[in-house]
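Here the structure comes first, spelled out in structure tokens, and everything after it is commentary.
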Amino acid sequence: MLIADLHIHSSYSRATAKTLNPENLWLAAQRKGIGLLGTGDFTHPVWLQELEQKLVETGDGAYELNPESARALAAEVPGPCRAPVRFLLSGEISTIYKRHGVTRKVHSLILAPDFAAARRINARLDRLGNITSDGRPILGLDTRDLLELCLDEAPEVIFIPAHIWTPWFSLFGSKSGFDALEECFDDLSGHIHALETGLSSDPAMNWRLSALDRYKLVSNSDAHSPAKLAREANLLTCEPTYPALAHALSSPGGEGLAGTLEFFPHEGKYHLDGHRKCGVRLEPSETRELGGLCPVCGKPLTVGVLSRVEDLADRPEGYLPPNAPNFESIVPLNEVVGEVMQRGPATKGVTQAVEQLLAEVGPELFILRQAPLEELERVGGPVLSEAVRRMRAGEVVLEGGFDGEFGVVKLFTPQEREQLKGQGSLWREAPSTRRQLKKKALTKPEPAPPLLSLAESTGDRLNPEQQQAVAHRGAPLIVRAGPGAGKTRVLVARAAGLVEEGAAPGRVLMITFTRKAAEEMAGRLAGEHPAAALVKVSTFHALGREILAQALGRELVILGETERAALIKELAARFELRPSWAELTLTRLKQQVHPEPEAEIAPLWQAYESALAERGALDLDDLVRRAALALEESADLAHTWGARFDHVLVDEYQDSNQAQVSLLKFLLAGGASLAAIGDPDQAIYGFRGASREGFLRFAQDFPGAMGIGLTRNYRNGEAILQAAQGLLASDPDPGRLSLSAQAGPGVKPVWAELTSPKAEAAWVAAKIVELTGGLDSRQVERGDAGELAPRDIAVLYRLHAQAAPLAQALAQAGIPFQVAGQEPLAETDPLDFKAQRVSLMSMHAAKGLEFAAVFVVGVEEGLLPYQPPNGEPADLGEERRLLYVAMTRAGQSLFLSRAKARSLFGVGGPRAASPLLGDIPTGALRTERVVSRRRARQIDLFA
DNA sequence: TCGGGCAGTCTTTTT
DNA sequence: GACTGCCCGA
């Protein structure tokens, strides 16, 4: 019989023993009696490298410690324990992602057939996330997609959902799992053959689900230290090779896998239900009676494994399937001896006694399972043999674990201990009074924010104003819509409505400002109505390009951004002008169809234009302007494009500039209808020639215009909206709409002041861990868990230069993230577009997006409003709107923060809070006092 | 013609 | 703080 423990961790995983290296694993495996051991953490490149150096292949994907090391270490293995140890490459991956609107956190055990396959899988994972920060990496990837990736790289991969019943991180977990395996793995469900039952459940509990009949049940230790190896394990009758194991775990018959060694499930940390903080432990029936709520704090209970099994079970307790594999419940030897000696399982005396047993009897699992009781009595005394007998017979006293608290298994009653006292060699040790473990006072966690509806609008129905905007026909329409008012929804519904009324979809034009917005819009249109998918969606730039290409009869040569900068730099030097100023000024000029360059720029303007002409090239800004010019110059062209569309819709109208409006007028010349939507309070592209005034001038540009206001905000909690609207009040506008929050009161935005950008980044990372409900179980067990997925969270900054420390802190915390606009450096993976991560992006880039939680960092003087060194004075109004945009991205939670000192472009020193902060009404924010970590540790020590 | 040293510069974005 | 471009000496 071969004992296999396939799920362990290395020292490269969080909260694991530093001694977890190949040599110590080899030693520990023999002491336990394990013949086949997973290496753990093969996804960690450094660990994998160490394994490659220290292990040699024995053929068929199994490895052993190199002979030199084995010889050198042999003396350290107690004689009766010496036996061969084979390794298989194993690892665990944590996926955290949103599926069907619910945050899912699932752990998967993966066995790779050989080093080459492990490296292939790692190469793919490396492109999708951070696999170096932790031996058990966290990826924002759907578990199904992870399986697909593994199958792509190694079709023979063994993929096992890990500890399937634990509440926080598992396939069937009550907090973030699924009700059926197929919900998780979809079309790839057939590739799953085995399930890991975890410490808190045993096979008997799993047999109660007929849905699991077709799966092999395996048990592993998930050890974080050598001592915990094989606390659960598998009994194999097959050869110690990868293919043999793969066969044993997938063959429909029983061959190969004879059974498992199990914890008493009660001893697991999540067997029963309850609240650790409230001291409430409940049986499943009690939980049901209480409606799942804690009788002390009233919040939802942490529902444990037993409850969860009962919820999904379709068979009664005690059901025994035909040909049920065997399983044995065991208690770790140091716990057995600890109880015999009335000492803690990790105390010196117990350790010595265990050592003696290993040296005289054999490996731990042999002692627990097979050693003759007489022999145990001879070495350890009658109490020990009686303890082991009871364990083998299942005569134990159990106290179920709950909400992260381990359960207790007792072999003796106190009276028995008295009676047995004084007998046997192990018993001679004087019992010490058990020290009461002093529990650290838990910091009181903040109340969990009430979940707000993030729905963009009220279900399927449009509100009356939205409806009016959709149904309006005739005169040009301008819709002024605050954040979260359902702009996109109105545009999509309007376009679809026009098509349904009989408009030819190809003659309906939807204009956006970015390609991303265009793509999203096209997707939404396709979802709304099959014919609406044919509506033309384009950016102003793409449209200009199309018009110009037609006018010129050829494809355009467009000067790249770097070439343009180089050219301007060259010319600026010739005319003794600052290149950055020249670039900006040229761009601004080109936002008009007929620019009038002022004297200072005129020579450069002319030189630049002739340089372009010489190359037969255009720059980006030319696309719209030149298209408008071409339409002015050619009546034919103007006629063609004036008749091209029957309906034109424009998104984000506050971003349009004079050249774009001019182009728009040409498109409407043949009588097409116009509907524009936007929010002048979100005009943040003044540097590109767009101004809020352009929006307010709509009625002059398009006479007879009809205006509609959308005032119901479906995105932000009321507290967030109030703070944001308060900010704007410093910039009065009689036309401004007063918005009403539909999503409930929500919680106040948080304001925090940190000492440095690094401290600020660390604070953000810690908050994100909280919001996602912890990324590992230790974090989860600390308190109330948030339920956001990484993709629900964004960190917004004024300058890209702020991204670096944030990225570093998030990487360190193992949070999947992406920095917008600087991805193409690394090779992209086909699964990249599906990966879900925390977004780090500029406030500008965040316009039009929404997130459940938003961090606005660097709310500091000089940074917001940004004051460029020796540049023009900042446009306070525009920067205020920028902060407004940033704040209104947040649905549930908004965090504003600053560093008290920051060095920007080399100049360091203290920095005040942003003057814009003073525009937010006092009381609209909740200031969070942040204690630095060093200080916090001191307080902790003296408490 | 090379390279070391020094001064000047540093947003936000569109195909 | 990091990069570029320019000047100057060898």
Side-chain angles (χ1 to χ4, degrees), chain A residues 511-519 537-549 555-566 568-570 572-573 576-584 586-588 590-591 617-627 651-652 654-657 659-660 663 682-691 757-758 796-805 820-822 841-848 856 858 860 862-875 877-883 885-886 902-909:
Chain A
I511 301 178
T512 64
F513 278 80
T514 66
R515 276 187 295 184
K516 208 170 130 201
E519 279 161 27
V537 185
S538 176
T539 64
F540 267 117
H541 285 82
L543 201 63
R545 178 183 206 148
E546 200 180 329
I547 294 169
L548 265 180
E555 258 311 302
L556 310 178
V557 181
I558 295 166
L559 207 62
E561 206 42 50
T562 42
E563 295 162 281
R564 172 176 185 264
I568 295 177
K569 191 174 239 175
E570 188 192 319
E576 296 182 337
L577 294 168
R578 264 181 49 224
S580 61
W581 176 83
E583 273 193 54
L584 203 62
L586 288 180
T587 289
R588 277 190 190 149
K590 291 201 171 189
Q591 310 305 313
L618 299 170
D619 66 16
L620 269 178
D621 297 311
D622 278 332
L623 291 177
V624 174
R625 184 178 79 97
R626 293 262 176 174
D651 195 8
E652 307 280 18
Q654 76 283 355
D655 288 341
S656 61
N657 57 45
Q660 286 159 338
L663 180 63
Q682 295 183 62
I684 54 173
Y685 284 109
F687 65 93
R688 233 165 55 194
S691 68
K758 222 174 147 182
L796 309 182
Y797 39 74
R798 181 64 178 82
L799 306 180
H800 287 303
Q802 292 168 253
Q822 44 176 254
M841 66 172 86
S842 70
M843 300 188 203
H844 282 89
K847 191 164 70 69
V856 183
E860 296 152 29
L863 196 53
L864 192 70
Y866 175 62
Q867 182 54 63
N870 51 40
E872 299 167 36
D875 178 341
E878 176 123 336
E879 301 273 330
R880 183 183 289 113
R881 291 193 293 276
L882 186 56
L883 179 56
V885 167
R902 181 186 303 266
S903 124
L904 196 59
F905 306 124
V907 270

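Convention: sequence-line order gives letters A, B, ...; per-chain numbering from 1.
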Residues which pass side chain to side chain contact (heavy atoms under 4.5 Å, CB included) with A:Lys569, listed by chain and number, not counting sequence neighbours: A:Pro579
Using a heavy-atom cut-off of 4.0 Å across all strands, would you classify A:Phe540 as base, sugar-phosphate, or nothing? nothing
So if I take every side-chain heavy atom of A:Ala542 and compare against B:dT12, B:dT14, B:dT15, which nucleotide ends up nearest? B:dT15
Atom-pair distance (CE on A:Met843; P on B:dT13), nearest Å: 12 Å
Please work out if A:Glu583 contacts a base, only the sugar-phosphate, or nothing of the nucleic acid, heavy-atom cut-off 4.0 Å. nothing
Scan A:Tyr685 against the nucleic acid and name what it touches under 4.0 Å (heavy atoms): base, sugar-phosphate only, or nothing. sugar-phosphate
Which nucleotide in the list B:dT13, B:dT15, C:dG1 gets nearest to the side chain of A:Phe905? C:dG1
Among B:dT11, C:dG5, B:dT13, the nucleotide that comes nearest once only the side chain of A:Ala845 is considered: B:dT13
Phosphate-side-chain proximity, A:Ser580 and B:dC10, N/O vs OP1/OP2 below 4.0 Å: yes
Ranking B:dT9, B:dT14, B:dT12 by distance to the side chain of A:Phe687, first place goes to B:dT12
So if I take every side-chain heavy atom of A:His800 and compare against B:dT14, B:dT11, B:dT12, which nucleotide ends up nearest? B:dT12
B:dT15, B:dT11, B:dT13: which one has an atom nearest the side-chain heavy atoms of A:Pro868? B:dT11
Have a look at A:Leu543 and say if it touches a base, only the backbone sugar-phosphate, or nothing, with a 4.0 Å heavy-atom cut-off. nothing
Could you tell me whether A:Arg515 contacts a base, only the sugar-phosphate backbone, or nothing, with contacts defined as non-hydrogen atoms closer than 4.0 Å? sugar-phosphate
For A:Leu799, report the nucleic acid contact type (base, sugar-phosphate, nothing); a contact means any heavy atom under 4.0 Å. sugar-phosphate
